[in-house]
Each structure stands twice: as structure tokens, then as C-alpha cells.
Amino acid sequence: MAKIVCVLYPDPVTGYPSHYARDGVPRIEGYPGGQSVPSPHSIDFTPGHLLGCVSGELGLRTYLEGLGHTLVVTSDKDGAGSTFARELVDADVVISQPFWPAYLTADRIASAPNLKLAVTAGIGSDHVDLQAAIDAGITVAEVTYSNSISVSEHVVMMILSLVRNYIPSHDWVTKGGWNIADCVARSYDLEGMTVGTVAAGRIGLAVLRRLKPFDVNLHYTDKHRLDESVETELGLVFHESASSLVEVCDVVTINAPLHPETEGLFDDRLISKMKRGAYLVNTARGKICDRDAVVRALESGQLAGYAGDVWFPQPAPPDHPWREMPHEGMTPHISGTSLSAQARYAAGTREILECFFEDRPMRDEYLIVNGGRLAGTGAHSYTPGDATSGSQGTMSF
Ligand code: NDP
């Protein structure tokens, strides 16, 4: 029988919800491009309920214990003495979400000789040292597309909130003010601006599609060029490099995975090539931006605003400078874990586990590493290597 260790974010401070703001979530029949939604044999949870926290257990306990397996669920993930580190040593499967990542460093992989499968309940497996997983023959899988649209909606929200100066204006209301001039002195229309995405995969393309009706000029860069028909439909301008893209954009959104090619991409040098007063929105991964370069650019006015929901490490320490920097629109890492998204990636996690325990192949699009090499989506979008270094500095609160 197998041991599954599942690392999830803590329950709400007010306790696990007994009721919800709405009575359900819409059922999505398929994803853009034709990929089908997760299709496990069955599920043991109610879509629309909180599944990504410890008490939600991704709805997996009945299924796994019914097969005689052991399920350990914890949010205590950082440091050598953590529950995760202790339980990992004889685990067969690890499940983790990028919002509250269980960093699977090379050392931790070495401490887990039974480990065969690391599942990302969501998208983005950079919290796993992919090179170490390749070397150890561990399969890494994620629930591709499960929350891509969720993130694209968050990106559009953040672009609009920065450009229109929404958060500071809202703050004046809650402070009892009616300070129109204070609010609008930094407020613009998005219409007519040039918006570019670094990467036009599932999220990046969905962002471009959602922004098209705002009458903006749309640009992108990616490792592979989109079909000509898509470029024509959306009026896209392609750039061979991020450097060429950022020079012409008023707004840049980052939608690439974190891997050795993208780690630290937005440093002082690249940010200095952006137009003065550009906005930068990063919901991809914190490490794609140089933390202190972003702060410097906001303080100098080189950037007019920075928003995103991804930090490094996660959870971000209380003194992380992105909490206090000027003109920021940060949230904790939430864009891909709406209740709607949770229902999809919980079902996708169940599907991956059913394949694993029934010895059936997983969908190719879910695979990042398999058989000692990058596979499936991983072979397309990632490069081998390690993006987990520095995660040892994570604190727990
Ligand atoms: P996709 O795999 O569909 O798209 C990723 C795109 O990035 C691909 O088109 C890929 O190119 C491109 N890419 C990879 N490396 C580079 C590079 N060096 N320069 C330019 N483009 C590059 O993934 P998604 O769109 O679904 O997700 C993207 C990322 O967003 C995830 O990896 C994750 O880090 C993050 N994410 C964040 C979430 C959140 O909650 N904030 C939730 C979900 C995802 P190609 O395939 O053409 O080679």
C-alpha cells in the first residue's frame, strides 16, 4: 500500500467554511483548443467547496483510504523538522500546490527513496528540482489548463487596477475621503496602449484574447510562434526576444514558466529597456523578476506600477519588500486557486492518481517529467534544471 503526503495551505483563520457566497460553480465543458476537462472515474467532493486547504484535502481521503493507502495532509512544510520533511522519507507520492509549495529540493528528493510521483495540484512545477527528479526517475505531473483561465482573468484585473489606479482610489473611500484629484493624478485609460505578453501559452493567449476588446495594440514573445491565423485574428506583433518586446510596451504581462531560461529575466538591465512609466504584471513566478530591481524601478518611476500574486519564497516573509513598495497591487498567490479552479485541479489530481494506481498512462499534457527526462508539456515548455534554490530560506507563520 502506498503513502501519499499532501501539502496544502492552512484553513481560513475563521475555520473551515460551513456555507459559501454562492451555491455552486459553472461547469466548464472543455478548454479552448479542445483539451477536455479532468475526467476521473468519480469525485468525492462538492465543486465550489474549499478543497485546497488542509481540511479540504483536495477531496481525496475517501478515495485513497478506500484503496487501503495512507494519506497525510499537512500545511507544515518548511524546515528540516517540518511534518512534510518527516513524512517524506517513506512517501510514495507527494502532492503540492504552487500557492503553498512543498519545495522538493535535491536534498529532499534524496531523503525519499520510495518517491515515485510528485503531483502539482495546479500548474507550474518549478517547486520541484526537475533535474533531481529526472535523475531519480520520479514522475512529475501537473493539471495542465486547470487554472489557466482563472489566472488570465486575474491578469486582466491587475492590469486595469494599475492603469486606472483602482486600489489607492478604493483606499480613499475606506478612509472616508472624496479625494478625486489624489485618485486621478495617476489614472489612465488602457485604450490605445500597447500591451505585451512574455509567453503566449495557455494563459498568455487567454490574456491576449481577453484584452482584444479594449482596443489596445497586442504584442507577444514566445519560444514558438503562434499560428498565423491567431496572429491575424488578434492583430498580434511577434518579437524574437523579451528585450525587443518590452521596449515598445506600456504594459507587460509575464506568463512563462520559471525555469533556467526565465529565472531573473526581469533584472535592472531589462527593466531599464522598458518605457518610463510602464506597468509590469507578473502572475507567473516571483523568481522571474529580480526582487530588488522591481523595488528600485518603482521608487525611481521607471515602472509606474507592479502587480502580481507570485513571490519567492512562498509564503513571503512579513518583511518582503514587495509588501511595502510604492504603486504595487500585490495579492498572495491566489489567482489560480479560485473555488472554480480548485474543483478542476482537484478532479485532475484524482485523475492522475487513478492512472498511477491503475498503472494506466497519464495524459501526455499532464506530464512534466517521466521516464528520466522532460516529457509531455514539460518537454515543450521547460528546460532541465533547478529553480528551487533559495527555498530553504522559507519561513512558516
Ligand atoms: P503553458 O505551458 O501553456 O505556457 C507556457 C508558455 O511559456 C509556452 O508557450 C512556452 O513556450 C512559453 N515559454 C517557456 N519558456 C519561455 C521563454 N524562455 N521565453 C518565452 N516564452 C517561454 O502554461 P500556462 O500558460 O498554463 O502557465 C504558464 C505559467 O504560469 C506556469 O508555468 C506557472 O508558472 C504560471 N501559473 C501561475 C498560476 C498562478 O496561480 N499565479 C497558476 C497557473 C500557472 P512553448 O511551449 O511555445 O515552448
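Note that the structure is predicted; figures quoted are calculated from it, not measured. Remember, it's 1-based here, ligands and their atoms both numbered in the order they're listed.
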Item to check | Ionic contact status for Arg285 with Glu263, cut-off 4.0 Å | outcome: no

Next on the checklist: With heavy-atom distances below 4.0 Å as the criterion, list the atoms of ligand 1 near Thr262.
Outcome noted: 17 (C), 18 (N)

Checklist entry - Run the side-chain hydrogen bond (donor to acceptor under 3.5 Å, both in side chains) check on Arg164 and Ser169 step by step: do they pass? => result CA-CA 9 Å; Arg164 301 205 56 95; Ser169 306; over 6 Å; no

Next on the checklist: Closer than 4.0 Å to some heavy atom of Arg202 - which atoms of ligand 1 meet that?
Outcome noted: 1 (P), 2 (O), 3 (O), 4 (O), 25 (O), 26 (O)

Item to check | Under-4.0 Å heavy-atom contact with ligand 1, by part of Asp222 that carries it | outcome: both

Item to check | Per-residue contact class, Ser148 against ligand 1 - non-hydrogen pairs under 4.0 Å | outcome: side chain

Next on the checklist: Would Ser335 count as being in polar contact with ligand 1, using the rule that some N or O on each side must be under 3.5 angstrom apart?
Outcome noted: yes

Item to check | Proximity to ligand 1 by part of Ile203, non-hydrogen separation under 4.0 Å | outcome: both

Next on the checklist: Tell me whether the rings of Tyr145 and Tyr31 are parallel (<30°), tilted (30 to 60°) or perpendicular (>60°).
Outcome noted: parallel

Item to check | side chain to side chain donor-acceptor pair (under 3.5 Å) against Arg344, all qualifying residues, sequence neighbours excluded | outcome: Ser150

Checklist entry - Applying a 4.0 Å heavy-atom criterion (strictly less than), which segment of Phe99 is in contact with ligand 1: side chain, backbone, both, or neither? => result side chain

Checklist entry - Can you tell me which residue and heavy atom of the protein come closest to atom 46 (O) of ligand 1, and the distance to 0.1 Å? => result His380 CD2, 2.7 Å

Item to check | Interfacing atoms of ligand 1 (cut-off 4.0 Å, heavy-atom, Thr283) | outcome: 37 (C), 38 (C), 39 (C), 41 (N)

Checklist entry - Looking at Asp126 and Lys287, does any basic side-chain N land under 4.0 Å from a carboxylate oxygen? => result no

Item to check | Six-ring centre of Phe84, Lys77 cation under 6.0 angstrom, axis tolerance 45° | outcome: no

Item to check | Residue selection (non-hydrogen contact nearest atom 7 (O) of ligand 1) among Ala379, Pro257, Ser125 | outcome: Pro257

Checklist entry - What residue and atom, counting heavy atoms only, is the protein's closest point to atom 15 (N) of ligand 1, and at what distance? => result His259 NE2, 3.0 Å

Checklist entry - Tyr9 vs Phe99 aromatic rings, parallel, tilted or perpendicular, using cut-offs 30° and 60°? => result perpendicular

Next on the checklist: Whether Arg350 and Asp44 form a salt bridge (side-chain N of Lys/Arg under 4.0 Å from carboxylate O of Asp/Glu) is what I want to check.
Outcome noted: yes

Next on the checklist: Once salt bridge (Lys or Arg N to Asp or Glu O under 4.0 Å) is applied, do any residues pair with Glu231, and if so which ones, sequence neighbours excluded?
Outcome noted: Arg225

Item to check | atom 19 (N) of ligand 1: the protein heavy-atom neighbour that sits closest, reported with distance to 0.1 Å | outcome: Lys223 CG, 4.2 Å

Item to check | Pairing of Glu233 and Lys212 as salt bridge, 4.0 angstrom limit | outcome: no

Item to check | For ligand 1, the portion of Glu261 having any non-hydrogen atom under 4.0 Å away | outcome: side chain

Item to check | Per atom 48 (O) of ligand 1, closest listed option by heavy atom (His224, His127, Gln97) | outcome: His224

Next on the checklist: Just to confirm my output: which protein heavy-atom neighbour is closest to atom 35 (C) of ligand 1, and how far is it?
Outcome noted: Ala284 O, 3.6 Å

Checklist entry - With a 4.0 Å heavy-atom cut-off (strictly under), which part of Arg285 contacts ligand 1: side chain, backbone, both or neither? => result side chain

Checklist entry - Is it the side chain, the backbone, both or neither of His154 that has a heavy atom closer than 4.0 Å to ligand 1? => result neither

Item to check | Contact partition for Asp309 relative to ligand 1, non-hydrogen atoms under 4.0 Å | outcome: side chain

Next on the checklist: I want to know whether Tyr20 and His49 have ring centres closer than 6.0 Å.
Outcome noted: yes

Checklist outcome for this item: the protein heavy atom lying closest to atom 31 (C) of ligand 1 turns out to be Ile123 CG2, 4.0 Å

Next on the checklist: One residue to check: Val151. Relative to ligand 1, which of side chain, backbone, both or neither has a non-hydrogen atom less than 4.0 Å away?
Outcome noted: side chain

Checklist outcome for this item: Note: ligand 1 atoms sitting under 4.0 Å from heavy atoms of Asn147 are 42 (C), 43 (C)

Checklist entry - Among all protein non-hydrogen atoms, which one is nearest to atom 4 (O) of ligand 1, and what is the separation to 0.1 Å? => result Gly201 CA, 3.4 Å

Checklist entry - Do any nitrogen or oxygen atoms of Ser381 lie less than 3.5 angstrom from nitrogen or oxygen atoms of ligand 1? => result yes

Next on the checklist: Could you check whether His380 and Glu365, counting side-chain N and O atoms only, form a donor-acceptor pair closer than 3.5 Å?
Outcome noted: no

Item to check | Stacked cation flag Arg291 on Phe312, 6.0 angstrom / 45 deg | outcome: no

Next on the checklist: Students should be able to answer this: which protein heavy-atom is nearest to atom 28 (C) of ligand 1, and at what distance?
Outcome noted: Asn255 O, 3.5 Å

Checklist entry - Any nitrogen or oxygen of Thr377, main chain or side chain, under 3.5 Å from a nitrogen or oxygen of ligand 1? => result no

Item to check | For Gly329 against Ile167, the heavy-atom pair lying closest together | outcome: CA-CD1, 3.8 Å

Next on the checklist: Tell me the nearest of Ala199, Gly122, Ala206, Gly308 to atom 21 (N) of ligand 1, using heavy-atom distances.
Outcome noted: Ala199

Checklist entry - Where is the tightest heavy-atom contact between Tyr382 and Ser125, given as atom of each residue plus distance? => result OH-N, 3.1 Å

